[in-house]
Visitor: 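Before I ask anything, here is the structure I am working with.
No experiment lies behind these values; they were computed from the predicted model shown. Start at 1 and go down the list; that is how both ligands and their atoms are numbered. Along the sequence shown, the residues carry numbers beginning at 1.
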Amino acid sequence: MTLGMLVDGKWVTDWTERDEQGKFNRMPTHFRNWITADGSSGFKAEANRYHLYVSLGCPWAHRTAIMWKLKGLEDIISLSIVDPVISEDGWKFTQNPGCIPDIVNGDFYLRDTYTRANPNYTGRVTVPVLWDKQTATIVNNESRQIIRMFDTQFADSNTDANFYPTELQQEIDKTIDAIYQPINNGVYRSGFANTQAAYEEAVTELFQALDYWENVLAAQRYLCGNQITEADWCMFTTLLRFDLAYYGLFKCNLRRIVDYPNLWNYLKDLYQQPKVKDVCNADHIKKLYYQGLPQLNPTQIVPVGPEIDFDASHNRDRIFTESKQMAQV
Ligand SMILES: N[C@@H](CCC(=O)N[C@@H](CS)C(=O)NCC(=O)O)C(=O)O
């Protein structure tokens, strides 16, 4: 099976994102409208207007589901969760455990949502998708922008959590940029490489970057200092999948996350933040990768392991609370 895409509104399967050297080049997403608090963009941040489509297996969509939870948007923005296994016809809606059908448009395939927004749409049919019920169109389908909108534009949500504080904004943007190519996309560049050289290049960059952040996390609790920011949620969804899927299926196997003391404790620290595990689903993650990519796993058998206890205690609060107290003495 090959993944499909829409070309001029028609579904095709004979396409590739590999270049002539066998490197994976991710296609850019297309919908880039912005929701704003004052409505000046034409998309005002208001209750019951927007709908979020996610896969809980997908690291990009997972970021948006986490931000939706953490910003208290459950009663403001409605949600659909696609079937974890992508089909010949792309993402579909089912009643399987942990899934929520398309309660807005009643579609069976996510590609229908894209052609509702643009009947001549050309591009991949990806999650996440942020849908506007009022104008019946896709607002945005780029995870990094969706989390920013959720974080900064929905001021009347019932939480004062802020993951993009003014004094750290430059640092946060720089960090999200820095981890994207070697880590977030790096696991895909390793797993989807078509040549030995392309794979080795990606995997080397990936582990150099993980080693780098392992050192950073020895001196501070989170990527941009001692408070959780958007950059941490961008890192989190890749780390959560690492030992479950990327280590085996994508051959990212120089080290596991559990072998890195700081990254492993950092991962548990984020996982154990209130409400986060409500939208973490290891079953959807494993099914997405092991059943949805038969070119990498022809039998589609989902491994039973590894056994990982994301709820095990971590040392991050102790280390960094103690060091803060020492600094104050
Ligand atoms: N740049 C996008 C990437 C989204 C993306 O690639 N999602 C994958 C799932 S992990 C997808 O929907 N793939 C389906 C396909 O390519 O057909 C973002 O960050 O939102």
Visitor: Answer with yes or no whether I146 contacts ligand 1, where contact means a heavy atom under 4.0 Å from a ligand atom.
Guide: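 No, that is not the case, since the closest heavy atom of the residue is not under 4.0 Å from the ligand.
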
Visitor: Return the orientation label for the Y289 and Y188 ring planes: parallel under 30°, perpendicular over 60°, tilted otherwise.
Guide: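 Rings of Y289 and Y188: tilted, as their planes differ by 30° to 60°.
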
Visitor: For atom 5 (C) of ligand 1, which protein heavy atom lies nearest, and how many Å away is it?
Guide: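 Ranked first by proximity to atom 5 (C) of ligand 1 is W60 CD1, 3.5 Å.
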
Visitor: Ion pair present between D38 and K44, side-chain N to carboxylate O less than 4.0 angstrom?
Guide: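 Salt bridge between D38 and K44, a charged N being under 4.0 Å from a carboxylate O: no.
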
Visitor: Of the protein's non-hydrogen atoms, which lies at the shortest distance from atom 8 (C) of ligand 1, and what is that distance?
Guide: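 Protein heavy atom at minimum distance: R124 NH2, 3.9 Å.
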
Visitor: Does ligand 1 have any atom sitting under 4.0 Å from a heavy atom of G90?
Guide: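 Not so, G90 does not reach ligand 1.
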
Visitor: Considering non-hydrogen atoms of the protein only, which is the closest contact for atom 20 (O) of ligand 1, and what is the distance?
Guide: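 Residue, atom and distance for the closest contact: S143 N, 2.8 Å.
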
Visitor: I'd like to check which ligand 1 atoms, numbered from 1 as shown, lie under 4.0 Å from a non-hydrogen atom of N141.
Guide: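 Those atoms are 20 (O).
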
Visitor: Any salt bridge between D311 and K277, counting N to O under 4.0 Å?
Guide: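 Looking at K277 together with D311, the answer is yes, because their closest N to O distance falls below 4.0 Å.
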
Visitor: What protein heavy atom lies closest to atom 4 (C) of ligand 1? Include the residue and the distance to one decimal.
Guide: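 Among all protein heavy atoms, the one nearest atom 4 (C) of ligand 1 is V127 O, 3.3 Å.
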
Visitor: Enumerate the atoms of ligand 1 whose separation from the nearest heavy atom of G4 is less than 4.0 angstrom.
Guide: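 Every atom of ligand 1 under 4.0 Å from some heavy atom of G4: 17 (O).
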
Visitor: P128 heavy atoms, cut-off 4.0 Å: which ligand 1 atoms fall inside?
Guide: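 Listed by number with element, the hits are 20 (O).
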
Visitor: Salt bridge or not for R116 and D112, using N-O below 4.0 Å?
Guide: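 A salt bridge is absent here (no side-chain N lies under 4.0 Å from a carboxylate O).
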
Visitor: The test is salt bridge (charged side-chain N to carboxylate O under 4.0 Å, His left out); show your working for K275 and D278 and say whether it passes.
Guide: CA-CA 5 Å; K275 295 200 207 175; D278 299 354; over 6 Å; no

Visitor: With under 30° as parallel and over 60° as perpendicular, where do the rings of F310 and Y271 fit, or are they tilted in between?
Guide: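 Plane angle between 30° and 60°, so tilted.
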
Visitor: So R124 and E17, salt bridge (charged side-chain N to carboxylate O under 4.0 Å, His left out) or not? Walk me through it.
Guide: CA-CA 10 Å; R124 289 169 54 207; E17 283 178 308; 3.2 Å; yes

Visitor: Is the NZ or CZ atom of R148 positioned over Y164's six-membered ring, under 6.0 angstrom from the centre and within 45° of the axis?
Guide: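 Verdict for Y164: a cation-pi partner in R148.
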
Visitor: Among all the protein's non-hydrogen atoms, which is closest to atom 9 (C) of ligand 1, and how far away is it?
Guide: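 So the nearest neighbour among protein heavy atoms is C58 SG, 3.3 Å.
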
Visitor: Check Y188 against ligand 1 and report side chain, backbone, both or neither, counting heavy atoms closer than 4.0 Å.
Guide: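 The side chain, only.
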
Visitor: What I want to know is whether W91 and ligand 1 share at least one N or O pair that is separated by under 3.5 angstrom.
Guide: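 In this structure, W91 places an N or O atom under 3.5 Å from an N or O of ligand 1.
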
Visitor: Out of R26, M27, R241, E142, who is nearest to atom 2 (C) of ligand 1 when you count heavy atoms only?
Guide: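 Heavy atom nearest to atom 2 (C) of ligand 1 belongs to E142.
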
Visitor: Taking C-beta and beyond as the side chain, do Y260 and L217 meet within less than 4.5 Å on heavy atoms?
Guide: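 Result no, sub-4.5 Å side-chain heavy-atom pair not found.
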
Visitor: With a heavy-atom distance limit of 4.0 Å, tell me whether T29 approaches ligand 1 through its side chain, its backbone, both, or neither.
Guide: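 Just the side chain.
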
